[in-house]
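Every number for a ligand or one of its atoms is a count from 1 in the order of the listing.
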Amino acid sequence: MSQPLSHPALSAADPELAALVGAEEQLQADTLRLIPSENYVSAAVLEATGTVLQNKYSEGYAGRRYYEGQQNIDQVETLAVERAKAVFGVEHANVQPYSGSPANLAAYLAFAEPGDTVLGMALPMGGHLTHGWGVSATGTWFRGVQYGVRPDSALIDFDEVRDLARKERPKIIFCGGTAVPRTIDFAAFGEIAREVDAVLVADIAHIAGLIAGGAHPSPVPHADVISTTTHKTLRGPRGAMLMSRASHAKAVDKAVFPGLQGGPHNHTTAAIAVALREAAAPSFRDYAHAVVANAKALAEALLARGYDLVSGGTDNHLVLIDLTSKDVSGKVAAKALDRAGIVVNYNTVPFDPRKPFDPSGIRIGTPSLTSRGLGTDRMPLVAEWIDRSVQAAAKGDEDALTVIRGEVAELMAAYPAPGLPTA
Ligand SMILES: *Cc1c(COP(=O)(O)O)cnc(C)c1O
């Protein structure tokens, strides 16, 4: 039996809630978490989020606050800002956005008026809701025009992007996405944005850690604004940052506060600073490259087992599996994998004939398993578990899923992570 973590005050004050936290700790310990936007933060990041910095109100920016008592908070935020500038090589950083979606909304507020045209990647092609997709505020308050990928290669069609940009004259062009397994060509986007005088926002939410660790090219020379979450491959707390050239600093800062937000979440800011210090260490480069090496090894092992991968493989942390040839839908497969202790999400594939609530694909990624220390030698086994689970899903073989769940838990017990109960 594994040792539960102790949260003495929480357990005494609210046993019901404490039990749920304990159950989640056990779930994260026992399962193979393959959702590409998730991770395990370090013990230091976890501690920083649980500090008394949580108790403060600090509207404004360091040295320009609307509240007194900011002697320490100003230094915390300045540390986070300076570390972000150093890690990403940018002139300006704002570390206050509450999460990725509000950070992107701040970019709209800074550089467009309601009703203006924005150009982004379509959600079913791998883009994010906030890049002007219809059900998002960004697609109703702004006129979202969407580009996709080529049907033959599943790669971004830059002829289409250029044609749309010339015809529609967007105020903002978004690049980056949530289900893009290939390198983003920031230079190509930058050239198109300059030609049509649009602001290029590089949304690096998924790949920020890979960029920080030198495992993906940087958007810095090409993008006017860089938007990122801090909790995906960057392995920080749930939060976000907007980075830019100095010339856009005022517009960005004004959009975040007072444009969209009130007080910053100082405990999150502190944890972002800690994560950025970790991201500047040589070991983070190893981590970022290991994430990509694991994803490539996993893709190879899946291809060898006859799986169709969108774009044929991966350059980054993410693999998009098209299950059409396996006679099982993405949702049925994802739910079966969950019962086998392998956590993924179902996802549309480009040109998906199925509906988004039961699409043809599943999306997997390697940030979490890499943080737990699994290496490329383990990826054939991960592919085998996925394959056996998908086959069990097709046959409705619950017993096979239970067996896999046991095998997964046994292996994962050998790979501890901060915040998890230990065997
Ligand atoms: C995750 C993500 C976001 C949104 O982040 P939230 O913190 O979930 O609001 C924005 N853009 C991209 C590309 C993402 O992957």
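- Near Ser101, meaning under 4.0 Å from one of its heavy atoms, ligand 1 places the atoms 4 (C), 5 (O), 6 (P), 9 (O).
- Closest of all the heavy-atom pairs between Thr230 and Arg238 is OG1-C, 4.1 Å.
- In terms of N/O distances under 3.5 Å, ligand 1 is approached by Lys232.
- In this structure, Arg388 pairs ionically with Glu384, as a charged nitrogen and a carboxylate oxygen lie closer than 4.0 Å.
- At least one heavy atom of Gly177 lies less than 4.0 angstrom from ligand 1.
- The side-chain hydrogen bond (donor to acceptor under 3.5 Å, both in side chains) search around Ser227 returns Asn104, not counting sequence neighbours.
- A salt bridge is absent between Lys171 and Glu113; no separation between the charged side-chain nitrogens and carboxylate oxygens falls under 4.0 Å.
- Crowding of Asp377 atom CG: a count of heavy atoms from other residues, nucleotides or ligands under 6.0 Å exceeding 12.
- Only the side chain of His231 comes within contact range of ligand 1, with a heavy atom under 4.0 Å; no backbone atom does.
- For the residue pair Ser101 and Ser99, no side-chain donor N or O sits within less than 3.5 Å of a side-chain acceptor on the partner.
- Close approach to His206 involves these atoms of ligand 1, each under 4.0 Å from a residue heavy atom: 15 (O).
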Only distances under 3.5 Å count here; give the side-chain donor-acceptor pairs of residues 45-53 to other protein atoms, sequence neighbours excluded, each with its distance to 0.1 Å.
{"residue": "Thr49", "atom": "OG1", "partner": "Leu46", "partner atom": "O", "Å": "2.7"}
{"residue": "Thr51", "atom": "OG1", "partner": "Ala48", "partner atom": "O", "Å": "2.9"}

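- If you check which protein heavy atom lies closest to atom 3 (C) of ligand 1, you get His128 NE2, 3.2 Å.
- If you number the atoms of ligand 1 from 1 as listed, the ones under 4.0 Å from a heavy atom of Asp203 come out as 10 (C), 11 (N), 12 (C), 13 (C).
- When hydrogens are left out, the protein atom nearest atom 7 (O) of ligand 1 is Ser99 OG, 2.4 Å; that is the closest non-hydrogen contact.
- Heavy-atom contacts of Gly100 reach the following atoms of ligand 1: 4 (C), 5 (O), 6 (P), 7 (O), 9 (O) (cutoff under 4.0 Å).
- Listed by atom number, the atoms of ligand 1 under 4.0 Å from Thr229 heavy atoms are 5 (O), 7 (O).
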